[in-house]
There are 2 protein chains.
Amino acid sequence: VETGDERQLASLLEPLHPADVADLLEQIEDRPRADLLDLWKSGFDGEVLSELEENLREEVIDQLTPDALASAVRDLESDDVVDLVEDLGDEQQEAVLDALGAMDRQAVETALAWPEESAGRLMQAETVRAPEHWTVGETIDYLRGEEDLPDQFYHVILIDPRMKPVGYVTLGRLLGSRREVPLRDLIEDSFRIIPAMQDEGEVAYAFNQYHLISAPVVDEDGRLVGVITIDDAMAVLDEEHEEDILRLAGVGEGSLTDRVINTTRQRLPWLAVNLVTAILASLVIAQFEIALQQIVALAVLMPIVASMGGNAGTQSLTVAVRSIATKDLTGSNVWRVIRREVAVGLINGVIFAIVMGIVGVIWFGSPMLGIVIALAMVINMVAAGLAGTVIPVILEKLKVDPALASGAFVTTVTDVVGFFAFLGLAVVLLL
Amino acid sequence: VETGDERQLASLLEPLHPADVADLLEQIEDRPRADLLDLWKSGFDGEVLSELEENLREEVIDQLTPDALASAVRDLESDDVVDLVEDLGDEQQEAVLDALGAMDRQAVETALAWPEESAGRLMQAETVRAPEHWTVGETIDYLRGEEDLPDQFYHVILIDPRMKPVGYVTLGRLLGSRREVPLRDLIEDSFRIIPAMQDEGEVAYAFNQYHLISAPVVDEDGRLVGVITIDDAMAVLDEEHEEDILRLAGVGEGSLTDRVINTTRQRLPWLAVNLVTAILASLVIAQFEIALQQIVALAVLMPIVASMGGNAGTQSLTVAVRSIATKDLTGSNVWRVIRREVAVGLINGVIFAIVMGIVGVIWFGSPMLGIVIALAMVINMVAAGLAGTVIPVILEKLKVDPALASGAFVTTVTDVVGFFAFLGLAVVLLL
């Protein structure tokens, strides 16, 4: 790049996969990135745009000339273009759409009419279909005659005269069968129809649960409007997982390429919530000022009880949130799971109560203090198991994402219960 | 089940997908599960076994008669059988292998010879291949003549005379081309070869990064030994994500169907580590006993500083761990990321320092106390950003899974720094 040799740059980037080029662009600093794009403009590949993270994508599109942009997006499949433009500002969206041919433009606009994160957005409009009465031979002849087959397809979808999908045939079975065999005899029983309005998370779940490779998408009238393939579902699954992990940690949807100011803003709300819960816990402590003044050991030991409860709560919580996401935790087994988590909290609580009781005695020479911390530990770990399971389940029922909100509530419970149990018991038993 | 009507049970379960039957078995209690299996034995479907969680799988296999087991596993593909038996005890493994035909048994045993979690374990041995000089017509004729094609395949792999894969052709292009076209002209450039020894996590990453659908697997001599398809890669990706989430929360590899005692044992080590770090933090507090005795407000406020640091640290840590897993955080941008995290910590630290400073003044009427908590907040949140990024990077370099171990270290840093900064500043400025 430094030498400004356009040809050499192109020959360096040429053999790389678009995903790797995108990673490269994400990892270098702003200045060299701009220089690189300046130089490479003419050969810029549309697939690199698809692979870029959203916030960088906008910057890169801004830097491309309309011509370069047009040639970059023209070769993409309609679902990739949709994915590309759906998060862009109006102006940039217009620029990309203008670069498309009329046909493609229409396909993209139709897809954009479906709600965000729906199957309609995820699907590609290009389908490969055949009337249900065709034979293998007729289908192969039709495919050979077709100019513009999608890059990737795995099934031929059988449709009835009203465009309703009635089954599908894998290409493998099509290839392995004689020309005179009717398609109807080759139908797979894995066939599942996806409504275009379905949430993309549900779609990904269905692909994963039923090992689907591709599935037809239908509109409200049951007519075939597109097809979703497993690679799209895999991308959604990957995204949802990522979101869950980041939400559990209170990070929101940040990425490494975000500006400092954006990242700060994303993390602030969670920290603010935590500040409120921490102050709540402090208010509990403040009720026991006299006890703390008389026995300073209480101040030394009290964070241990809260911290152990917080960790145990996070454990229960994470298992519960994941089980809800994978639909393993449902109404029918919720009581069993709660019983189990409470039992686990009780057993671990007793174990650590014994350990901490002994530590308390040795450290401060007071058997009573040992008993106080041991009892508080048991109480708080049982509370942690209970809160860690019940809170996500309730949030789920209230249609709040449990990954996002559970953490704050559970920590509040374990902090408040922890400090209250420890200091309260201390007042009763020690003063 | 209660009425013991075998036929009715079979007709109820028949229309369900094996994955749903497995979910059903996972959700019901032990007693009805045993009754159900007792009754359903004769019709038991091998795919249900594949879908079950590991610990339940062993129980279910124990309950099946050898005959039922044999008929259940006979129809599975070799990779599913491998997946099924690899975690079983020797005795059960033997029982399943005995149930297989000689050919299948050999395929399974060959796969088991590859190391755990390698591409060799993941692949299916059944491949669809063609000599590189064939035409479309020859390939179709061969496929039509072949009795035993795999259930699912997406490419025909071209091999040279020494069995080395040289490219592949999608079935779509095969179907869309005339009989006389040579396969060589249809080769896809997405082609990637996977060594059998490669870690399955790497395989899943490659599928996700390069949007692969299937990829040939080769042995040390570069000869084709199997093929991995996207559904297997998707399952691995799903598993690795799950593992990461659970490890970040210190839960290990538990599942909802585990016994209480197993779950307790899984969570205990993490809680034990946390106890040690919590005691470390308490030791820091103990150094300031005199200060705490004189100003009880310190005891009330100190958990706030530690808790905010802990949360900010978890945020940085989670982003770092995920970025390492997705290969977005590498040697080339590590300094930039560290600078960014420290900057975010600084900005958020200053914001919350102001808030807490004001709270401190209002609550306790002491401007100096407000300054102490504000300064401690800034220091601890910068430390959190630094530790949250540096610790996972170092662990990764030491080949320790950062998802597993970072949490404990980061919390130790934020607790120790938080308490030390707050109480230390209090001694200097207030006493």
Side-chain angles (χ1 to χ4, degrees), chain A residues 17 19 27 140 143-144 149 153-154 171-172 175-176 178 208-211 230-231 234 238 241 245 249-251 256 260 263-264 267-268 271 274-275 278 281-282 285-286 289 292-293 296 299-301 303-304 307-308 311-312 314-315 318-319 322-323 328 332-333 337 340 343-344 347-348 352, chain B residues 17 19 27 140 143-144 149 153-154 171-172 175-176 178 208-211 230-231 234 238 241 245 249-251 256 260 263-264 267-268 271 274-275 278 281-282 285-286 289 292-293 296 299-301 303-304 307-308 311-312 314-315 318-319 322-323 328 332-333 337 340 343-344 347-348 352:
Chain A
H17 190 280
Q27 291 203 358
I140 293 181
L143 291 174
R144 287 202 181 128
L149 289 174
F153 65 104
Y154 314 103
L171 302 188
L175 279 164
R178 303 168 167 286
N208 202 18
Q209 172 87 343
Y210 304 118
H211 309 292
I230 185 173
D231 50 322
M234 190 170 173
D238 196 41
H241 267 296
I245 297 185
V251 188
L256 279 192
V260 167
T263 307
T264 308
R267 297 193 191 169
L268 200 112
L271 292 172
N274 180 60
L275 184 63
S282 288
I285 300 174
E289 281 192 3
L292 284 167
Q293 224 147 18
V296 77
V300 174
L301 290 175
I304 297 180
S307 153
M308 291 298 282
N311 269 275
T314 304
Q315 291 181 333
T318 306
V319 171
R322 289 309 305 155
S323 305
D328 288 330
S332 67
N333 61 351
V337 173
R340 198 188 67 136
V344 171
I347 298 174
N348 271 330
F352 287 106
Chain B
H17 190 280
Q27 291 203 0
I140 293 181
L143 291 174
R144 286 200 182 129
L149 288 174
F153 65 105
Y154 314 104
L171 302 187
L175 281 162
R178 302 167 167 286
N208 203 18
Q209 172 87 341
Y210 304 117
H211 309 292
I230 186 172
D231 50 323
M234 191 170 174
D238 195 42
H241 268 297
I245 297 185
V251 187
L256 279 190
V260 167
T263 308
T264 309
R267 297 192 190 170
L268 199 111
L271 292 172
N274 180 60
L275 184 63
S282 289
I285 301 173
E289 283 193 2
L292 285 167
Q293 224 147 15
V296 79
V300 175
L301 290 175
I304 297 180
S307 152
M308 291 297 281
N311 270 275
T314 304
Q315 291 182 332
T318 305
V319 171
R322 288 310 305 155
S323 304
D328 289 329
S332 67
N333 61 351
V337 173
R340 197 188 68 137
V344 170
I347 299 174
N348 271 331
F352 287 107

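Just so it is clear, the model here is predicted, and its values are computed rather than measured. For the numbers below, each heavy atom of this structure counts, side chains included, while hydrogens, waters and symmetry mates do not. Note on naming: letters A, B, ... go to the chains in the order of the sequence lines (proteins, then strands), and numbering restarts at 1 for each one.
Note that the CZ atom of B/Phe352 and the CG atom of A/Asn274 stand 8.5 Å from one another [nearest 0.5 Å]. Between the CG atom of A/Leu143 and the CG atom of B/Leu175 there is a distance of 5.5 Å, given to the nearest 0.5 Å.
Heavy atoms closer than 4.5 Å to chain B are found nowhere in A/Ala281, neither backbone nor side chain. A/Tyr210 touches chain B through backbone and side chain together, each having a heavy atom under 4.5 Å away. Proximity to chain B is limited to the side chain of A/Leu149, based on heavy atoms less than 4.5 angstrom apart.
Evaluation of the salt bridge (charged side-chain N to carboxylate O under 4.0 Å, His left out) rule for A/Arg267 yields B/Glu341 as partners, not counting sequence neighbours. Not counting sequence neighbours, the partners of B/Ser282 by the side-chain contact (heavy atoms from CB on, under 4.5 Å) test are A/Val300, A/Ile304, A/Trp363.
Contact count against chain B (heavy-atom pairs under 4.5 Å) is highest for A/Leu271 among A/Leu292, A/Leu301, A/Leu271. Put simply, of A/Thr314, A/Asn311, A/Ile140, the one with the most heavy-atom pairs under 4.5 Å next to chain B is A/Asn311. The choice from B/Gln315, B/Arg178, B/Arg322 that makes the most heavy-atom pairs within less than 4.5 Å of chain A is B/Gln315. Chosen from A/Thr318, A/Asp231, A/Ile285, A/Ile245, the residue pairing most often with chain B at heavy-atom distances under 4.5 Å is A/Ile245. Most heavy-atom pairs under 4.5 Å with chain B, from the set A/Glu289, A/Gln209, A/His211, A/Gln293: that is A/Gln209.
Closest of all the heavy-atom pairs between B/Thr264 and A/Ile347 is CG2-CG2, 3.6 Å.
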Practice task
Begin from the C-alpha positions of B/Tyr154 and A/Leu171 and carry the test side-chain contact (heavy atoms from CB on, under 4.5 Å) through to its verdict.
Solution key: CA-CA 8 Å; B/Tyr154 314 104; A/Leu171 302 188; over 6 Å; no

